[in-house]
Protein chains: 2
Amino acid sequence: MTAVVPTEDWINRFDGLSKLEPRLRDVLTTRSQVIRLPADTIIFGPGKSPDHLLLLLQGTVRVQQLAESGREVVLYRATAGESCVLTTACMLAYEDHAAEGVAETEVVAAAIPRGVFDDLVASSKEFRNFVFRAYSRRISDLFHVIEDIAFRRMDIRLAQKIIERADTGVLKATHAQLAAELGTAREVISRQLAEFQRRGWIAQSRGAVEILDCDGLRALSTS
Amino acid sequence: MTAVVPTEDWINRFDGLSKLEPRLRDVLTTRSQVIRLPADTIIFGPGKSPDHLLLLLQGTVRVQQLAESGREVVLYRATAGESCVLTTACMLAYEDHAAEGVAETEVVAAAIPRGVFDDLVASSKEFRNFVFRAYSRRISDLFHVIEDIAFRRMDIRLAQKIIERADTGVLKATHAQLAAELGTAREVISRQLAEFQRRGWIAQSRGAVEILDCDGLRALSTS
DNA sequence: GTCCGTCAGTGATCTAGTCACACAAGCACC
DNA sequence: GGTGCTTGTGTGACTAGATCACTGACGGAC
């Protein structure tokens, strides 16, 4: 972790924190460090519980569940302006859980030490609301994941994922990565994509999926 | 909701709250009500967000996820001595989620209003730790559910569930209820139970499963 | 060019979920 | 006691998804 001097008032980027009184803004900026993490840094994971709450200024963090079999599911992503608040839960976790947080891109974040977090929760209603709202959002995400895995069809979930994660009409990901994203097997993704291609909705190349007919995908994804 | 006068110092039953200073214990006992809910009361659910944090004194609350298709999964159970802390997240939820909390038995609980909850979180490190530890535990439960649904076989999960929920060697539940418990279809449960019966591990009767060979079940459930 | 690691395609097989039933056990009502 | 009715269970046929064991194809590194 390389320390970086905070150069601007990043607090305003966080929904709810902008209302913090000046005294507490000072606490946040002087007692937390802005850090920069290279892509693929493992932020927390089995056997590695975090000691800071991260407020993301740039980049995205992917939180995923690992199984012994080697299979994975992505639980959620935290992006700039959000906090990686479930790490606070991990801080106090009475058991190691199998979830892992990874910097998906290079990440710049304000790292709030445990003690400062505690002081802020104690002294600021705004900060408390910020924390609980962040929790709420993450828990909603988890509910969503459970609903998807338990009750939704793979083709629908895959179509959604492609739309959601294809920036410029192209999604750069291998079949194996998409499988890990959705918690399924690589072969399942291969077969589904072959079907999508057959229908003319996408074109495939090594490590990438290009959307040709977004309406087709969308029609499936909302059915 | 019928109000009941708190007759004893129930705070000690909650891990971590026993260390609360007397002033805060007073806050808890005087500003919260002990309530009694009949079995099957829906405590929170879609369109019904809770306005109190419940600390369970007696009974159990089942939290489950509902799908439009009518299928369900049980996410976790909160029992006496635990709090239904995810309700605090629901209190602030920016969206209605599809989870529902139901009193599985008659429930006696201390209901802490939103304002009191906030005061306590602000003024007590012990209470904060209590809340965050409770969150942590629930989130672990959710991770566990995700892992089960995504990666574990049904026969193993069913065997575990039978062992876990059969008090006196008998589990009173219909196939449909077990299916809702595990987030699968009734037929799947019927066929698995038929197989367990064929192997001599259980005996079945209408609405009940009797364990005959717990070792057999356990061997499967840990494989 | 050759080697090698990663990526994608495929058939066979098994597990799980869906659909459409049949039938049985308990209960109410006459 | 019989007649329905509701609820719980059994079953076959079929589709979806997961697993296994491969194959070949692509893109560097050398």
Side-chain angles (χ1 to χ4, degrees), chain A residues 40 65-73 145-162 170-199 202-210 220-221 223, chain B residues 40 65-73 145-162 170-199 202-210 220-221 223:
Chain A
D40 300 321
Q65 173 98 354
L66 311 170
E68 325 77 54
S69 63
R71 275 177 56 195
E72 313 176 12
V73 214
V145 169
I146 291 173
E147 193 174 348
D148 269 15
I149 298 179
F151 305 129
R152 290 222 194 302
R153 293 170 49 95
M154 271 308 315
D155 50 359
I156 293 172
R157 294 173 56 207
L158 178 56
Q160 271 176 350
K161 195 54 95 174
I162 291 172
V170 177
L171 170 56
K172 293 212 60 178
T174 65
H175 295 187
Q177 284 167 342
L178 286 169
E181 189 86 20
L182 295 171
T184 183
R186 202 241 335 142
E187 297 91 318
V188 175
I189 299 294
S190 290
R191 288 191 247 258
Q192 290 293 352
L193 287 180
E195 175 63 19
F196 289 178
Q197 187 172 36
R198 205 190 55 75
R199 296 191 195 171
I202 60 165
Q204 294 191 68
S205 53
R206 195 180 168 88
V209 173
E210 186 191 353
L220 174 63
S221 75
S223 67
Chain B
D40 300 321
Q65 173 98 353
L66 310 170
E68 325 76 55
S69 63
R71 274 176 57 195
E72 312 176 12
V73 214
V145 169
I146 291 175
E147 193 174 348
D148 270 15
I149 298 179
F151 305 129
R152 291 222 193 302
R153 292 172 50 97
M154 270 309 312
D155 50 359
I156 294 173
R157 294 174 56 205
L158 178 57
Q160 270 176 351
K161 195 54 95 175
I162 292 173
V170 178
L171 170 56
K172 293 212 60 178
T174 65
H175 296 186
Q177 284 166 343
L178 285 169
E181 189 86 19
L182 295 172
T184 182
R186 203 246 327 147
E187 297 91 320
V188 175
I189 299 294
S190 292
R191 287 192 249 258
Q192 290 293 351
L193 287 180
E195 175 63 19
F196 289 177
Q197 188 171 36
R198 205 189 56 72
R199 297 190 195 172
I202 60 164
Q204 294 190 69
S205 54
R206 195 180 168 87
V209 174
E210 186 190 354
L220 175 63
S221 75
S223 66

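Worth knowing before you read on, the calculation uses all heavy atoms, side chains too, and leaves out hydrogens, waters and symmetry mates. Below, read A as the first sequence line, B as the second, and so on, with proteins coming before strands; counting in each chain starts at 1.
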message: Less than 4.0 angstrom between a side-chain N/O of A/Q192 and OP1 or OP2 of D/dG17, yes or no?
response: yes
field: Distance in angstrom units between B/I202 CD1 and D/dT9 P, rounded
entry: 11 Å
query: Backbone N or O of B/T174 within a donor-acceptor pair of the B/Q177 side chain at under 3.5 Å?
result: yes
query: Under 4.0 angstrom, heavy atoms only, what part of the nucleic acid is A/R152 near: base, sugar-phosphate, or nothing?
result: nothing
Under 3.5 Å: donor-acceptor pair, side chain of A/R71, backbone of B/F151: no
- prompt: Below 3.5 Å, does any donor atom in the side chain of A/R186 face an acceptor in the base of C/dG9, or the other way round?
  reply: yes
message: Does D/dG17 have its OP1 or OP2 closer than 4.0 Å to a side-chain nitrogen or oxygen of A/T184?
response: no
message: Tell me whether the side-chain N/O atoms of A/S190 come closer than 4.0 Å to OP1 or OP2 in C/dC7.
response: no
query: Atom CD1 of B/I156 and atom P of D/dA18: how far apart are they, to the nearest Å?
result: 16 Å
query: With the threshold set at 4.0 Å, does a side-chain nitrogen-carboxylate oxygen contact exist between A/R199 and A/E195?
result: yes
query: Does a nitrogen or oxygen in the side chain of B/H175 sit under 4.0 Å from OP1 or OP2 of D/dT7?
result: no
- request: Compare side-chain N and O positions of A/R206 against OP1 and OP2 of C/dT6 and report whether any pair is under 4.0 Å apart.
  value: no
query: With a 4.0 Å cut-off on heavy atoms, is A/R157 in touch with a base, just the backbone sugar-phosphate, or nothing at all?
result: nothing
field: Side-chain-base donor-acceptor pair under 3.5 Å for B/R191 and C/dT18
entry: yes
